[in-house]
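Each ligand, and each atom within it, is numbered from 1 in the order the structure gives.
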Amino acid sequence: MDRSHLKMVLEDLEKTLLEFMEKHRITHDQYRVATALLIDTIKAGEESLLFDVFWEAAATNISNIDRVGSGEAIEGPFYIAGAPALSAPFVMPHRADEKGDVLFFKGRITDPAGAPIVGAELDIWQADITGSYSGIHPGIPDWNLRGRIFTDEAGDYEVKTIVPPPYEIPKDGPTGRVLRAMDRHFFRPAHLHVKVRHADTGEMTSQLYFDGGDYIASDVASAVRDDLVAKLERRADPAEIAARGLELPFYELRYDFCLDRTQAKTGRAA
Ligand code: MBD
Ligand code: FE
């Protein structure tokens with residue numbers, strides 16, 4: 001954004017908020033409540049949560065308008081850079097007694113012409129069966145259910161993990177206070193987060209949801225997009241279960257990414 005555009009946008013933001021204050025006759029006491037809320041949010045470490053729940057989806061939707069290839073999604077507040085690079089066959093780091101149904105998350109990454117993107121990195125992070133993220137919530141080993149995997153010569157990827165549950169955002173802090181005042185629930189539908197990187201395509205951030213899952217139509221973060229909802233397929237055939245070396249039915253989620261090789265030039269670093 002150049003300087004004159006920045007000036008114009010900031011003036012418009014100022015004007016919009018001033019008009020809002022006039023419209024709702026925001027008193028000095030109410031103004032103090034609002035500033036205290038923002039300060040509380042930062043003290044509680046929820047500044048990213050508050051912004052991401054209310055405004056990140058709009059920003060990604062706007063960015064997607066001119067985007068070639070698979071749409072992007074919100075990053076949310078819980079990404080941590082530097083997850084372990086895994087080796088094939090890929091299995092997400094997990095505890096010996098990790099609970100949850102086994103999930104194979106798989107698909108192919110190609111360019112718009114259908115040529116495979118070989119050696120693309122998928123940096124994946126997700127909640128455990130209690131809806132907790134390692135490195136964020138206490139009592140979970142570092143990097144649990146966080147890891148980086150890579151596409152093969154055909155552009156294919158597959159990683160073994162668990163099916164995450166719907167996620168209830170922290171509701172006892174300032175973000176929860178706002179949502180409660182608005183009579184909203186605190187849930188996000190079950191989701192997998194992923195950033196995809198390749199020197200030719202740059203980096204993109206996605207998030208995948210499970211068709212038919214709870215809260216798909218009422219995500220507290222308003223971040224579900226039809227193009228990011230994939231079918232969670234249950235595999236119960238004993239032969240298939242045995243072939244996977246498993247004992248119980250498992251699930252597969254397939255999502256193919258299309259990434260434009262020219263997108264690397266838009267300023268997103270790989
Ligand atoms: C999450 O896992 C998330 O993805 C968002 C957007 C907000 C809170 C927790
Ligand atoms: Fe999340």
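- For D256, the side chain to side chain donor-acceptor pair (under 3.5 Å) criterion is met by R254, not counting sequence neighbours.
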Give the table of side-chain donor-acceptor pairs shorter than 3.5 Å for residues 185-195, with sequence neighbours excluded, one pair per line with atom names and distance.
{"from": "H185", "atom 1": "ND1", "to": "F187", "atom 2": "N", "distance (Å)": "2.9"}
{"from": "H185", "atom 1": "NE2", "to": "S218", "atom 2": "O", "distance (Å)": "2.8"}
{"from": "H185", "atom 1": "NE2", "to": "S218", "atom 2": "OG", "distance (Å)": "3.1"}
{"from": "R188", "atom 1": "NE", "to": "D219", "atom 2": "OD1", "distance (Å)": "2.9"}
{"from": "R188", "atom 1": "NH1", "to": "Q207", "atom 2": "OE1", "distance (Å)": "2.5"}
{"from": "R188", "atom 1": "NH2", "to": "Q207", "atom 2": "OE1", "distance (Å)": "3.2"}
{"from": "R188", "atom 1": "NH2", "to": "Y209", "atom 2": "OH", "distance (Å)": "2.9"}
{"from": "R188", "atom 1": "NH2", "to": "D219", "atom 2": "OD2", "distance (Å)": "2.7"}
{"from": "H191", "atom 1": "ND1", "to": "P189", "atom 2": "O", "distance (Å)": "2.8"}
{"from": "H191", "atom 1": "NE2", "to": "Y133", "atom 2": "OH", "distance (Å)": "2.9"}
{"from": "H191", "atom 1": "NE2", "to": "H193", "atom 2": "NE2", "distance (Å)": "3.0"}
{"from": "H193", "atom 1": "NE2", "to": "Y133", "atom 2": "OH", "distance (Å)": "3.1"}
{"from": "K195", "atom 1": "NZ", "to": "E75", "atom 2": "OE1", "distance (Å)": "2.6"}
{"from": "K195", "atom 1": "NZ", "to": "T205", "atom 2": "OG1", "distance (Å)": "3.0"}

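- A side-chain N or O of D2 and one of S4 form a donor-acceptor pair less than 3.5 Å apart.
- The protein heavy-atom contact nearest to atom 9 (C) of ligand 1 is Y167 CE2, 3.1 Å.
- The contact set between ligand 1 and Y133, taken as ligand atoms under 4.0 Å from a residue heavy atom, comprises 2 (O).
- In this structure, H193 is part of the shell of residues with a heavy atom less than 4.0 angstrom from ligand 1.
- Atoms of ligand 1 lying under 4.0 Å from any heavy atom of G76, numbered from 1 in the order shown and given with element: 6 (C).
- When the side chain to side chain donor-acceptor pair (under 3.5 Å) test is applied to N61, the partners found at least two apart in sequence or on another chain are R225.
- Residue contacts with ligand 1, taken as heavy atom pairs separated by less than 4.0 Å, involve I169 solely via side-chain atoms from C-beta onward.
- Take the Fe ion (ligand 2) and draw a sphere of radius 2.8 Å; the protein N/O/S atoms inside it number 3.
- Relative ring orientation between F90 and F150 is described as tilted, the plane-to-plane angle lying within the 30° to 60° band.
- Between F105 and Y157, the ring centre distance stays below 6.0 Å.
- Close approach of ligand 1 to L49 is summarised as follows: ligand atoms under 4.0 Å from at least one heavy atom of the residue are 7 (C), 8 (C).
- Distances below 4.0 Å separate heavy atoms of F78 from the following atoms of ligand 1: 2 (O), 9 (C).
- In the candidate list P77, G131, A221, A127, P77 is nearest to atom 7 (C) of ligand 1, counting heavy atoms.
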Worksheet item: Under the side-chain hydrogen bond (donor to acceptor under 3.5 Å, both in side chains) criterion, do Q126 and T161 qualify, and how do the steps go?
Response: CA-CA 9 Å; Q126 67 169 94; T161 184; 2.6 Å; yes

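- Using bins of under 30°, 30° to 60° and over 60° for the plane-to-plane angle, the ring pair H24/F20 lands in the tilted bin.
- At a 3.5 angstrom cut-off on N or O pairs, E75 does not count as close to ligand 1.
- Test D156, V118, V196, T201 against I109 for side chain to side chain contact (heavy atoms under 4.5 Å, CB included) and you get one pass: V196.
- Less than 4.0 angstrom separates some heavy atom of H191 from each of these atoms of ligand 1: 2 (O), 4 (O).
- Those atoms of ligand 1 that come under 4.0 Å of a heavy atom in I74, given as number and element, are 6 (C).
- In terms of modelled atom types and a separation under 3.5 Å, the side chain of R148 and the main chain of A83 share a donor-acceptor contact.
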